[in-house]
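Working notes, beginning with the structure itself.
Treat the numbers as computed from the prediction; the structure is a model and nothing was measured. Every chain is numbered from 1, with letters handed out A, B, ... down the list of sequences.
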Amino acid sequence: MPELPEVEVTRRGLLPHVVGRRIVQVTVRHRGLRWPVEPELEARLTGRVIGRIERRGKYLLLECLPAANADHATADDSAPGWLLVHLGMTGTLRVHVDAPPAGSHDHLDIELAPADGPGDGANMVLRFRDPRRFGAIIWTPLAEAALSEHPLLRRLGLEPFDPRFDGAWFHRLTRGRSMAIKQALLAGEIVVGVGNIYCSESLFRAGIRPTTPAGKISLARYDKLAVAVRETLTEAIARGGTTLRDFVGSDGSSGYFQLDCLVYDRAGEPCRVCGTSIRQIVQGQRSTFYCPHCQH
DNA sequence: ATTCTGACCTGATTGC
DNA sequence: TGCAATCAGGTCAGAA
């Protein structure tokens, strides 16, 4: 389920619990994620301290500072690195103080020592669960300045809250493109973080028919779309993310944005603005929902 | 270069 | 009740 708001909510939920803590043990139970979890991951992480937690698109980026007082085998061991985490379709990252026994989909545990060091306070566990295993856990020794050149991050579009993201940006990047705006928006090469739900929602807010070729949309309408994308994502983050099926925030609370969807998953139901029956179509093997009266 | 399709997985729901 | 078909929040790799 995770679109940008769910990932951002996870990031914020993790911050107070894991930043500054030392990794004392890493347990990988299933290495078959989107890409195989590298065999060296446990050794690379153990002893490091979690630094910042950032987000790029739907990727969570955990800065892992080098272990203190360690006898470094290689130069990489003594430099900061980053753990890239993608939640895929069904991934969650949660913090447990008293971690329950691992279930069959709990693929990775990162055990963290108390911030004040061993002795007082219990260890906690950062647990990655992902039934469908479309998620990814990837180590990179790249420094922060070079992170944007990582193969998985290099081609990502602008962050939706980047000031450079506006109607003109949209307009410029879609000239000559025949692809439907729904798919262009979903592809993440123009702006990141808009998944299948918020894509339909954003296009409804902007009054744009999802099937419209991206290259035929005017600057004025792209201005509206840029605003709609930002508003949709902002509101979803504020609500704590969506819980359509299995998303749970890192603190265990769940969001409820799905109650307020304007078009998503509302096929046949009346448009909340004009009452017209919401229509469902398939684009690129994914469902799209729109109001045939409000969107042109 | 751009666009489209298949692939990766499990689980919940639907329909016979 | 059982079982097969369908669908689900993502996105990469390769074909067309």
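A:Leu186 has its CG atom 12 Å from the P atom of C:dC12, to the nearest Å. Straight-line distance from the CG atom of A:Asp265 to the C1' atom of C:dC7: 11 Å, rounded to whole Å. As rounded to whole Å, 11 Å separates atom C1' of C:dG10 from atom CG of A:Leu87. Here C:dT11 presents its P atom at 11 Å from CD of A:Glu189, a figure rounded to the nearest Å. A straight line from CG of A:Leu185 to P of C:dG10 spans 11 Å, rounded to a whole angstrom. Rounded to whole angstrom, the span from the CD1 atom of A:Ile138 across to the P atom of C:dC12 amounts to 10 Å. The CG-P distance, from A:Asp130 to C:dA8, rounds to 18 Å in whole Å. Distance A:Gln283 CD to C:dC7 C1': 17 Å, rounded to the nearest Å.
The salt bridge (charged side-chain N to carboxylate O under 4.0 Å, His left out) analysis of residues 131-149 of chain A, with sequence neighbours excluded, yields the pairs A:Arg52-A:Glu144. The salt bridge (charged side-chain N to carboxylate O under 4.0 Å, His left out) contacts involving residues 33-44 of chain A comprise A:Arg31-A:Glu42, A:Glu38-A:Arg44, where partners must be two or more places apart or lie in separate chains.
With side-chain heavy atoms closer than 4.5 Å counting as contact, directly or through intermediates, the hydrophobic cluster containing A:Leu156 also holds A:Trp35, A:Tyr59, A:Leu61, A:Trp82, A:Leu84, A:Ile138, A:Leu142, A:Leu147, A:Leu152, A:Leu153, A:Val192. Hydrophobic cluster membership for A:Val282: none, as no Ile, Leu, Val, Met, Phe, Trp or Tyr side chain comes under 4.5 Å of it.
For A:Arg205 and A:Glu231, the salt-bridge test passes: some basic side-chain N is under 4.0 Å from an acidic carboxylate O. Electrostatic pairing of A:Glu159 and A:Arg230 does not count as a salt bridge here, judged by no charged N lying under 4.0 Å from a carboxylate O. A salt bridge links A:Arg12 to A:Glu8: one of the charged nitrogens lies within less than 4.0 Å of a carboxylate oxygen.
Stem regions annotated for DNA chain B: B:2-8 with C:10-16, B:10-16 with C:2-8, counting only runs of 3 or more consecutive pairs of Watson-Crick or G-U type with both contacts under 3.5 Å.
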Report each atom pair, protein N/O against N/O of nucleotides 2-5 of chain B, whose distance is under 3.5 angstrom.
{"unit_1": "B:dT3", "atom_1": "OP1", "unit_2": "A:Ser178", "atom_2": "N", "d": "2.6"}
{"unit_1": "B:dT3", "atom_1": "OP1", "unit_2": "A:Ser178", "atom_2": "OG", "d": "2.9"}
{"unit_1": "B:dT3", "atom_1": "OP1", "unit_2": "A:Met179", "atom_2": "N", "d": "3.1"}
{"unit_1": "B:dT3", "atom_1": "OP2", "unit_2": "A:Arg177", "atom_2": "NE", "d": "2.6"}
{"unit_1": "B:dT3", "atom_1": "OP2", "unit_2": "A:Arg177", "atom_2": "NH2", "d": "2.7"}

Pairs: protein N or O with nucleotides 14-16 of chain C N or O, under 3.5 Å:
none

Check: protein-nucleotides 4-6 of chain C nitrogen or oxygen pairs below 3.5 Å:
none

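Listed by chain and residue number, A:Asp162 satisfy the salt bridge (charged side-chain N to carboxylate O under 4.0 Å, His left out) test with A:Arg164 (two or more places apart in sequence, or in another chain). For the side-chain contact (heavy atoms from CB on, under 4.5 Å) test, residues two or more places apart in sequence or in another chain that qualify with A:His171 are A:Arg175, A:Leu219, A:Tyr222. Not a single ring-ring contact (aromatic ring centres under 6.0 Å, His included) links A:Phe134 to another residue, sequence neighbours left out.
Nearest nucleotide to the A:Ser287 side chain, out of C:dC12, C:dA8, C:dG10: C:dA8. The side chain of A:Lys58 lies closest to C:dG10 when the candidates are B:dG11, C:dG10, C:dA8.
With centroids closer than 5.5 Å and planes inclined by less than 30 degrees as the test, A:Phe134 and the base of B:dC8 pass as a stacked pair.
Scanning residues 27-35 of chain A for heavy-atom distances under 4.0 Å to DNA chain C yields A:Arg34, A:Trp35.
Using a 4.5 Å heavy-atom cutoff, the side chains of A:Val7 and A:Leu60 are in contact.
Between A:Leu186 and A:Gly195, the shortest heavy-atom distance links the atoms CD1-C, 3.3 Å. Considering every non-hydrogen atom in both A:Ala226 and A:Gly167, the closest pair reads CB-N, 3.8 Å.
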Taking it one step at a time, do A:Leu225 and A:Ile181 satisfy side-chain contact (heavy atoms from CB on, under 4.5 Å)? CA-CA 10 Å; A:Leu225 184 57; A:Ile181 183 58; 4.1 Å; yes
Would you sort out whether A:Leu41 and A:Leu108 count as a side-chain contact (heavy atoms from CB on, under 4.5 Å), showing the intermediate values? CA-CA 11 Å; A:Leu41 186 77; A:Leu108 180 130; 3.8 Å; yes
Determine, step by step, whether A:Phe289 and A:Phe204 satisfy the ring-ring contact (aromatic ring centres under 6.0 Å, His included) criterion, reporting the C-alpha distance in whole Å, the side-chain angles of both residues, the deciding distance to 0.1 Å, and the verdict. CA-CA 9 Å; A:Phe289 301 84; A:Phe204 175 81; over 10 Å; no
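Rounded to whole Å, the P atom of C:dC7 lies 16 Å from the corresponding atom of B:dT5. The same atom, P, is picked in B:dC9 and in C:dG14; the two are 16 Å apart, to the nearest Å.
Between A:His86 and C:dT11 there is a side-chain polar atom (N or O) within less than 4.0 angstrom of OP1 or OP2. A close approach under 4.0 Å does not occur between any side-chain nitrogen or oxygen of A:Tyr198 and OP1 or OP2 of C:dG10.
Between the side chain of A:Arg132 and the base of B:dC9 there is at least one donor-acceptor pair of N/O atoms closer than 3.5 Å.
Using modelled atom types and a 3.5 Å distance limit, the side chains of A:Ser287 and A:Gln280 yield a donor-acceptor pair.
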